Amino acid sequence: MAGKERAQRLLDAHVAHVVEQLSGKGFEAWLEATVRATLEDAARLKLKDAVPAKQLKYCVVNLMAELEIDDALRAAVQDIARAVVDSEAHADARIGELVEPEVFEAARDKAIAMRTLREEIVGSLLQSKAYRGFVADLLYHGIQGWVTNNPLTDTVPGAKRALAFGRSVLNRARPGIDAELDRRLRDYIDKSVDASAEIGEAYLLGVKDEDLRRGADALWRQAADIPVSEVLDGVNGDDAADWAGIAYDGIHHLRKTPYVQQLVEEGIDAYYAHFGELSLADIVGDVGLDADLLRREISRFTQPVVKLLKKKKLLEPAIRRQLEPFYLSKAAQAILNE
């Protein structure tokens, strides 16, 4: 029998063996043995040796900069955001059910401990033109309203008419007096707002941590029973889709900037500083994956794919493409021709 004929028969037998291995009754036993052997090998390989940090950074940074993603993904992201926000699940979920008390307490204490950030936020808010303009406008209209509508003018007969008459006389005696009084009132209010802002800043920054903690706890007790749907009441699916598109466009630009690329590289360095000396098996175990879970999940996804490939008559040709080059190689032919 010629070497080529022997090679063909061996190839056919090998292909049939692999097909049976993947789709027959022995698949689970083969998979379990393969997973366990793979984890045993992974226990002998450190992350930094198997995938050097430099190699991973080069790959990630270059993909971020060069990979062009079709606009269809943007539309898909928007559809997902719309579906998530419009979900009926929000009506049954309460804020307190989604955030554990320990998580809230840790976040509360951390936020309170960040005093420098608190000082910057309070200072920026109270010193901002928007805040000062709002307070000044509020005071101005309050004073103007009180002058024309107060207990004295409301209860004393003829008081409003006398006040209006007096202003009319002053305007005739000194034209523009109304505008002058208005300007001086606004100047006074502006100075008062400056002083009030300083006092308010000192007060807010002087609040004790324990008082802030009690205030946060009181707010949490009120918010814990609020359904998520109430929180999202002002946002509909279309709004979410629009924001998802905006975020997508922003990320599309950011991922190509040197700034984000540097952050990614520094993040990878930090990850390797923590996990680089660990074996691949340890890293897999740290995320809760053991041999039984891996076997079960691999089987769950593999079996339907294998069945589909067999049904479409794609499984055997795919295996044959992988094995055939060896059986047609000179080395194999030399052995078979002996």
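Positions are given from 1, in the same order as the sequence printed here. Predicted, not measured: the structure shown is a model, and the values here were computed from it.
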Which heavy atom of N236 sits nearest a heavy atom of D86, and at what distance?
-> C-OD1, 4.1 Å
Closest heavy-atom pair and its distance - S229, A91 | OG-CA, 3.6 Å
Looking at OH of Y327 and CG of L10, how far apart are the two atoms once the value is rounded to the nearest 0.5 Å?
-> 5.5 Å
Is any NZ, NE, NH1 or NH2 atom of the basic residue among [X] and [Y] found under 4.0 Å from an Asp or Glu carboxylate oxygen of the other?
| X | Y | result |
| --- | --- | --- |
| R118 | D209 | yes |
| D239 | R82 | no |
| R214 | D217 | no |
| E316 | R320 | yes |
| E40 | R36 | no |
| K256 | E66 | no |

Would you say the side-chain atoms of D41 and T38 include a donor-acceptor pair closer than 3.5 Å?
-> no
Distance-only side-chain donor-acceptor flag, Q261 / E265, under 3.5 Å = no
Step through the shown structure and confirm whether more than 12 heavy atoms of other residues, nucleotides or ligands are within 6.0 Å of [atom1] on [X].
| X | atom1 | answer |
| --- | --- | --- |
| E102 | CD | yes |
| R115 | CZ | yes |
| E88 | CD | no |

Quick one: are [X] and [Y] in side-chain contact, heavy atoms under 4.5 Å?
| X | Y | answer |
| --- | --- | --- |
| L204 | L126 | yes |
| S299 | T302 | no |
| R74 | D249 | yes |
| R296 | L293 | yes |
| S23 | K310 | yes |
| R213 | I112 | yes |
| F326 | L11 | no |

Please test E297 against R300 for salt bridge (charged side-chain N to carboxylate O under 4.0 Å, His left out), starting from the C-alpha separation and ending with a verdict.
-> CA-CA 5 Å; E297 295 307 317; R300 186 196 308 276; 2.9 Å; yes
Check whether L336 and L328 end up in the same hydrophobic cluster, where Ile, Leu, Val, Met, Phe, Trp and Tyr are linked by side-chain heavy atoms less than 4.5 Å apart.
-> no
Any idea how F104 and W220 line up, ring-wise: parallel (<30°), tilted (30 to 60°), or perpendicular (>60°)?
-> parallel
For the residue pair H252 and Y248, categorise the inter-ring angle as parallel (less than 30°), tilted (30 to 60°) or perpendicular (more than 60°).
-> parallel
